[in-house]
2 protein chains.
Amino acid sequence: MIPTMRPFKHPPVNDFSLERLLYALSDPVRLEVVQRLAEVEEASCGELDGGRPKSSMSHHFRVLRDAGLVCTKGVGTTHMNSLRRAELEERFPGLLTAILAQHSLQK
Amino acid sequence: MIPTMRPFKHPPVNDFSLERLLYALSDPVRLEVVQRLAEVEEASCGELDGGRPKSSMSHHFRVLRDAGLVCTKGVGTTHMNSLRRAELEERFPGLLTAILAQHSLQK
DNA sequence: TCCATAGTTCCAATATTATCGAACAACTGA
DNA sequence: TCAGTTGTTCGATAATATTGGAACTATGGA
């Protein structure tokens, strides 16, 4: 068993871009994913699709990863996702907190 | 002289949308406009175009207005723009602050 | 009244993005 | 080794955004 699930590329904190982050979160599907991840700490892709096609979700997860918002690691046959909270707080202090606070108000 | 420059539509705070705001700020041109406005408090459209065509800027200002970020009022032949800081802070506490703080770091 | 200024609106061209089916790849368990 | 599960990648299509020229409107000054 040679082939291992190759890990995804996750940008280092220094490469985080404010515009890219804001863009990633301006999509309702992606914003919902991030909000859910804030509640559960960790979740597979399947747990986060709202019945949407896998290929669509795969696209959204990539956008979230590229923005530095989400970290995805392979665990068995599934991919576990989590927020990169500490690094986001380091690079954009207070930003994610303000966005997530907004969500909990709307429920 | 009957015709007066008809005022622009500015959404009330209750109609502000997080996604719309994030989207508006995910564009480099618009983000720059907002960052400049944070410094000068008030500026005409002409002062904020970076040599870009007026029609393009007019589009961007409309997006910013629709998101509730910017207020535009006619003054003489010019349009003066300002951030809707208080209302934004009321609706999205800490959000604009976090975004603007990010900018000043990058200079 | 005429002209210059500041922006808007209209329009078309271009570029980006979202969506999703189909084929593919990695892993687990039988 | 085969089958089932999970998710990615590829490719096409549709929807949406950005850009900027041209015509138009409002305003103020000469």
Side-chain angles (χ1 to χ4, degrees), chain A residues 1-10 17 19-34 36-37 40 42-67 69-82, chain B residues 1-10 17 19-34 36-37 40 42-67 69-82:
Chain A
M1 136 318 214
I2 298 170
T4 294
M5 197 188 292
R6 80 184 133 104
F8 291 102
K9 245 190 309 180
H10 293 95
S17 147
E19 292 159 26
R20 192 153 42 236
L21 181 144
L22 296 175
Y23 179 75
L25 292 177
S26 72
D27 179 274
V29 176
R30 293 191 291 261
L31 183 56
E32 187 191 321
V33 166
V34 168
R36 297 268 314 273
L37 279 178
V40 302
E42 202 179 44
S44 68
C45 300
E47 294 174 294
L48 295 169
D49 63 21
R52 277 173 268 267
K54 299 184 174 194
S55 52
S56 295
M57 293 310 294
S58 195
H59 160 69
H60 289 304
F61 278 111
R62 190 160 62 78
V63 174
L64 289 172
R65 273 193 305 271
D66 290 348
L69 279 159
V70 165
C71 169
T72 306
K73 58 180 174 179
V75 176
T77 75
T78 81
H79 289 178
M80 291 307 277
N81 304 281
S82 56
Chain B
M1 149 300 226
I2 299 170
T4 294
M5 198 189 291
R6 80 184 134 103
F8 290 103
K9 245 189 309 179
H10 293 95
S17 147
E19 291 160 25
R20 194 153 40 235
L21 181 143
L22 296 175
Y23 180 76
L25 292 177
S26 72
D27 179 274
V29 176
R30 293 190 291 261
L31 183 57
E32 187 191 320
V33 166
V34 167
R36 296 270 314 273
L37 279 178
V40 301
E42 201 179 45
S44 67
C45 299
E47 294 174 296
L48 296 169
D49 64 19
R52 278 172 267 267
K54 298 184 174 191
S55 55
S56 294
M57 292 310 295
S58 195
H59 159 70
H60 288 303
F61 278 110
R62 189 159 64 75
V63 173
L64 289 172
R65 272 193 304 271
D66 290 349
L69 279 159
V70 165
C71 170
T72 307
K73 58 180 174 181
V75 176
T77 73
T78 82
H79 289 178
M80 290 307 277
N81 304 281
S82 56

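A, B, ... follow the sequence lines: proteins, then strands. Residue 1 opens every chain.
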Output every pair passing salt bridge (Lys or Arg N to Asp or Glu O under 4.0 Å) with a member in residues 49-64 of chain B, not counting sequence neighbours, ordered by first then second residue.
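Every salt bridge (Lys or Arg N to Asp or Glu O under 4.0 Å) pair that includes a residue of residues 49-64 of chain B, provided the two are not neighbours, is B:Glu32-B:Arg52, B:Arg62-B:Asp66.
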When you check every protein heavy atom under 4.0 Å of nucleotides 7-19 of chain D, what one-letter string (B, S, -) results, 5' to 3'?
BBB-------SSB
For the pair made of NZ in B:Lys73 and C1' in C:dA6, what is the distance, rounded to whole Å?
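From B:Lys73 NZ to C:dA6 C1': 17 Å.
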Could you state the CG-P distance from B:Leu22 to C:dT17, rounded to the nearest angstrom?
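Atom CG in B:Leu22 sits about 16 Å away from atom P in C:dT17.
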With sequence neighbours excluded, tell me which residues meet side-chain hydrogen bond (donor to acceptor under 3.5 Å, both in side chains) with A:Arg65.
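Residues passing side-chain hydrogen bond (donor to acceptor under 3.5 Å, both in side chains) with A:Arg65: A:Thr72.
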Which residues share a side chain to side chain contact (heavy atoms under 4.5 Å, CB included) with [X], sequence neighbours left out:
| X | result |
| --- | --- |
| B:Val63 | B:Ala24, B:Arg30, B:His59 |
| A:Pro28 | B:Glu19 |
| A:Ser44 | A:Glu47, A:Thr78, A:Met80 |

